[in-house]
Amino acid sequence: MPDKTNEKEKPSPVEDPRKTDQDISREEKIARLAEAGVDLFPYRAEQTHSVFAIVRDFAALTREGLEEKKAEVVVPGRILSIRKMGRATFATLSDSRAKLQIYLREDQVGEKAYRIFSLLDIGDIIDVRGTLFKTKTGELTVLVQAYAFLAKCQHPLPEKWHGLQDVELRYRRRYLDLIMNPDVGDVFRLRSLMIAEIRRFFDARGYVEVETPMMQPIPGGALARPFKTFHNALGIDLYLRIAPELYLKRLVVGGMEKVYEINRNFRNEGISSEHNPEFTMLEFYEAYSDYHDMMELTEELLHSLCLTLFGKEEFPYGDEVISFKRPFARLKYKDGLLSHSGLAPARFDSRSEVIAFAATLAAENQPLSYGKALDAIFDKLVKPKIVQPTFIIDPPKEISPLAKASREDPEQAERFELVVAGMEIANAFSELSDPQEQRKRFEQQAEELKKGDQESHWIDLDYVQALEYGLPPTGGEGIGIDRLTMLLANRKSIREVILFPLLRPR
RNA sequence: GGCCCGUUAGCUCAAUAGGUAGAGCAGCGGACUCUUAAUCCGCGGGUUGGAGGUUCGAGUCCUCCACGGGUCACCA
């Protein structure tokens, strides 16, 4: 079916929820403020400090110490609560990282300004100028001399005590989530720091960060179903990438010996607490190394992330404590199957029996090949039992069409997955560099594709041609950034670490 | 896609056995110059997700639909 994505479609109008008494009250206030000549949407605001900086720098001082300093501040923020007592008002100002109390007195700001302040609503953004002091209960507070409106909030905020609980609303209107739930901002600040640290890690080792196509004529580098789109001028189908892998290895052919990319992948598959259709992947490739080197590098990376970001090696995750102490455990794929699947070792000798057993686990996607059957058993029975960081080594070659065969067993691939808390966090191999072999593997995949397996790899002859010019021995790896964030931030759903996870449009 | 659970005021939640839809916060009016889930007095606010059905009577029972959460399947 031809894709119509470039044809303009009218955006569905934002529903205008019917007005409530609260909306009406705020409209009236806006009108009254306009009459009073108050500019509700000024162009810029003075600022000597952020709320966060004030709390950080002054909260520890004593009342007397603060008094001596006579600290004058101009600070913007959003009003989260108001406590009015006649001719004086306390309110809470927030900048999403911290909260700061402000204290407004009629005898300080004047009668008119105080009257106008009563038109302030919870949710409004204002700028206050004043002096820091501590109340008799010891709370750091700004005694306000003057204030200005920076933006009017036209809707009531979620309830102040319980915050915003509705999970759907939290994702659909992430801004409300960020305003009401300070933990949420912390997760995304952590994510940002983590990515910055990853860049520092690779840059320090001489890696070059690159960007490769997000729109590809042949979606390669992973076994997954792609999103399809259409380029009008060229008249061709394009696919959103499922992985950058094949392009990054073309760069290694070209002599960029250490490359990495942090960017989005798109897979047209189910949504779950561990899957979002678009997700962020780190991929890195290093010439002259193999998957053993990648294991070392992975341990080093994760260990250093933990120390740099948290200064510790152990983290709570749900009910578990995850330790990133080196070295991580290593478990042969085959041994994992033997020890965790509950299947008698002898039964692995019979290919048909393995396939039959796997079929009882996976109702869909039949008939399974031997390799896929093993993987189904592994994913279902073994992976969930692995809690501590563990390299799962040498899976079947059949499900690893881009990896070199194992030096120890030609039926296995030189590949590992890093599993933590039952989640696959990383996937790496000694990259297959023999173009003839690669062509053969692609052809085998094409057979599977013909049989109806939509997650087989497509044939990419342009990539084979690149290999024909010579890919040096190369270790390559992908690390799921979202899942790594889940681990470090102790979040059980990928939607808690993606600002705008995909939801059905309203 | 299957199964389970949910959807009631702007938000967080109640509502016995099928019998007048409530509370807190938020809002509005009033009192109050160190409060902090401020307090006190008063007021307004609902197509109970939608459409049918059973019943004298449905938030409650039944059917279908929509959306969400969890889980399984697929995947990273």
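Please read these numbers as outputs of a predicted model, since none were measured by experiment. Every chain is numbered from 1, with letters handed out A, B, ... down the list of sequences. The analysis underlying the following values was restricted to heavy atoms, covering all of them including side chains, and did not include hydrogens, waters or symmetry mates.
- Phosphate proximity of C34(B) to R105(A): absent, as no side-chain N or O sits under 4.0 Å from OP1 or OP2.
- Using a 4.0 Å heavy-atom cutoff across all strands shown, E417(A) reaches no nucleic acid atom at all.
- The residue among E278(A) and S493(A) whose nearest nucleotide of RNA chain B lies closer to the 5′ end is S493(A).
- Listed nucleotides: G10(B), U35(B), U33(B). Nearest to the side chain of R83(A): U35(B).
- Nearest nucleotide to the side chain of S25(A), out of A76(B), C67(B), G27(B): G27(B).
- Under the ring pair (Phe, Tyr, Trp, His ring centres under 6.0 Å) criterion, F429(A) pairs with no residue at all, not counting sequence neighbours.
- Residue L157(A) is out of contact with every strand shown, counting any heavy-atom pair closer than 4.0 Å.
- Considering only side-chain N and O atoms, R504(A) lies under 4.0 angstrom from the phosphate OP1 or OP2 of G68(B).
- For R415(A) and A76(B), the CZ to P distance is 8 Å, given to the nearest whole Å.
- To the nearest angstrom, P of C28(B) lies 12 Å from CD1 of I24(A).
- Using the Watson-Crick or G-U wobble rule with both distances under 3.5 Å, U8(B) pairs with nothing in any strand shown.
- Of the listed nucleotides (A26(B), C34(B), A76(B)), C34(B) has the atom at the smallest distance from the side chain of M85(A).
- Rounded to an integer number of Å, the gap from CG of L164(A) to P of G69(B) is 14 Å.
- The salt bridge (Lys or Arg N to Asp or Glu O under 4.0 Å) pairs that include a residue from residues 76-91 of chain A are R87(A)-E106(A), where partners are two or more places apart or lie in different chains.
- Nucleotides C65(B) and G2(B), compared at atom P, are 10 Å apart to the nearest Å.
- The existence of a salt bridge linking R115(A) and E111(A) is confirmed by a sub-4.0 Å separation between a basic side-chain nitrogen and an acidic carboxylate oxygen.
- Salt-bridge annotation for K70(A) and E72(A): absent, with no side-chain N of the basic residue lying under 4.0 Å from a carboxylate O of the acidic one.
- For A66(B) and C74(B), the P atoms lie 25 Å apart once the distance is rounded to whole Å.
- The side chain of K84(A) contributes no N or O atom lying less than 4.0 Å from OP1 or OP2 of U39(B).
- Using atom C1' as the reference point in both C4(B) and C56(B), the two lie 36 Å apart (nearest Å).
- Residue-level contact check: D482(A) touches neither bases nor backbone, having no heavy atom under 4.0 Å from any strand.
- Among the protein residues, Q165(A) comes within range of the sugar-phosphate backbone only, with heavy atoms under 4.0 Å from sugar or phosphate atoms but none that close to a base.
- Whole-Å rounding puts the E106(A) CD to C34(B) C1' distance at 17 Å.
- Residue G163(A) is in sugar-phosphate contact alone, with no base atom involved, counting any heavy-atom pair closer than 4.0 Å across all strands shown.
- For Y239(A), there are no side chain to side chain donor-acceptor pair (under 3.5 Å) partners at least two apart in sequence or on another chain.
- If you check every strand for non-hydrogen atoms under 4.0 Å, K99(A) touches nothing.
- Sorted by first then second residue, the salt bridge (Lys or Arg N to Asp or Glu O under 4.0 Å) pairs that include residues 50-69 of chain A, not counting sequence neighbours, number zero.
- Nearest to the side chain of K29(A), among G27(B), G69(B), U35(B), sits G27(B).
- Position along RNA chain B of the nearest nucleotide to H162(A) versus S81(A) favours H162(A) as the more 5'-ward residue.
- You won't find any donor-acceptor pair under 3.5 Å spanning the side chain of E159(A) and the base of A26(B), going by distance alone.
- Within 4.0 Å (heavy atoms only), F133(A) reaches at least one base atom of the nucleic acid.
- A heavy-atom distance below 4.0 Å to RNA chain B is reached by these residues of residues 116-130 of chain A, ordered by number: I122(A).
- For the residue pair S81(A) / T92(A), a side-chain donor-acceptor distance below 3.5 Å is found, with atom types taken as modelled.
- E168(A) comes within 4.0 angstrom of sugar-phosphate atoms only, judged by non-hydrogen atoms across all strands, and of no base.
- With hydrogens and angles left out, the side-chain atoms of E448(A) and S456(A) include no donor and acceptor closer than 3.5 Å.
- Heavy atoms of K492(A) sit nowhere under 4.0 angstrom from any nucleic acid atom.
- Taking the C1' atom of each, G22(B) and C5(B) are spaced 24 Å apart, rounded to whole Å.
- A 3.5 Å limit on both hydrogen-bonding distances identifies G42(B) as the Watson-Crick or G-U partner of C28(B).
- When the C1' atom is used for both C25(B) and U63(B), the distance is 38 Å, rounded to whole Å.
- Out of C11(B), C34(B), G69(B), the shortest distance to the side chain of L503(A) is found at G69(B).
- Comparing U47(B) with C41(B), their C1' atoms are spaced 33 Å from each other, to the whole Å.
- Both thresholds, 5.5 Å between centres and 30° between ring planes, are met by F279(A) relative to the base of A76(B), so the two rings are stacked.
- Using a 4.5 Å heavy-atom cutoff, the side chains of I102(A) and I126(A) are in contact.
- The separation of A58(B) from G42(B), taken at their P atoms, amounts to 34 Å, rounded to a whole angstrom.
- At a threshold of 4.0 angstrom between heavy atoms, the contacts of T135(A) include nucleobase atoms, whether or not backbone atoms are also involved.
- Straight-line distance from the CD atom of E477(A) to the P atom of A76(B): 15 Å, rounded to whole Å.
- Whole-Å rounding puts the D166(A) CG to A9(B) P distance at 11 Å.
- Among the protein residues, N276(A) comes within range of the nucleic acid bases, having at least one heavy atom under 4.0 Å from a base atom.
- When the P atom is compared between C34(B) and G46(B), the two are found 38 Å apart, to the nearest whole Å.
- Taking atom CG of residue L143(A) and atom P of nucleotide U35(B), one finds them 15 Å apart after rounding to whole Å.
- Using a 4.0 Å heavy-atom cutoff across all strands shown, E139(A) reaches at least one base atom of the nucleic acid.
- With hydrogens and angles ignored, no donor-acceptor pair closer than 3.5 Å exists between the side chain of R87(A) and the base of U33(B).
- A donor-acceptor pair shorter than 3.5 Å can be found between the side chains of H162(A) and E159(A).
- Sequence neighbours left out, the pairs with a member in residues 261-274 of chain A that pass salt bridge (Lys or Arg N to Asp or Glu O under 4.0 Å) are R241(A)-E261(A), R264(A)-E278(A).
- Rounded to whole Å, the distance from CD on E28(A) to C1' on G29(B) is 13 Å.
- Between K404(A) and Y291(A), the side chains place no donor N or O within less than 3.5 Å of an acceptor N or O (distance only, hydrogens not considered).
- As the counterpart of A37(B), no nucleotide is assigned, since no Watson-Crick or G-U wobble pattern has both distances under 3.5 Å.
- Applying the 4.0 Å criterion to OP1 and OP2 of A73(B), one finds that K380(A) has a side-chain N or O inside that range.
- Using the Watson-Crick or G-U wobble rule with both distances under 3.5 Å, C61(B) pairs with G53(B).
- Contact annotation for R63(A): no contact, since no heavy-atom pair falls under 4.0 Å across all strands.
- Look at G22(B): its Watson-Crick or wobble partner, with both distances under 3.5 angstrom, is C13(B).
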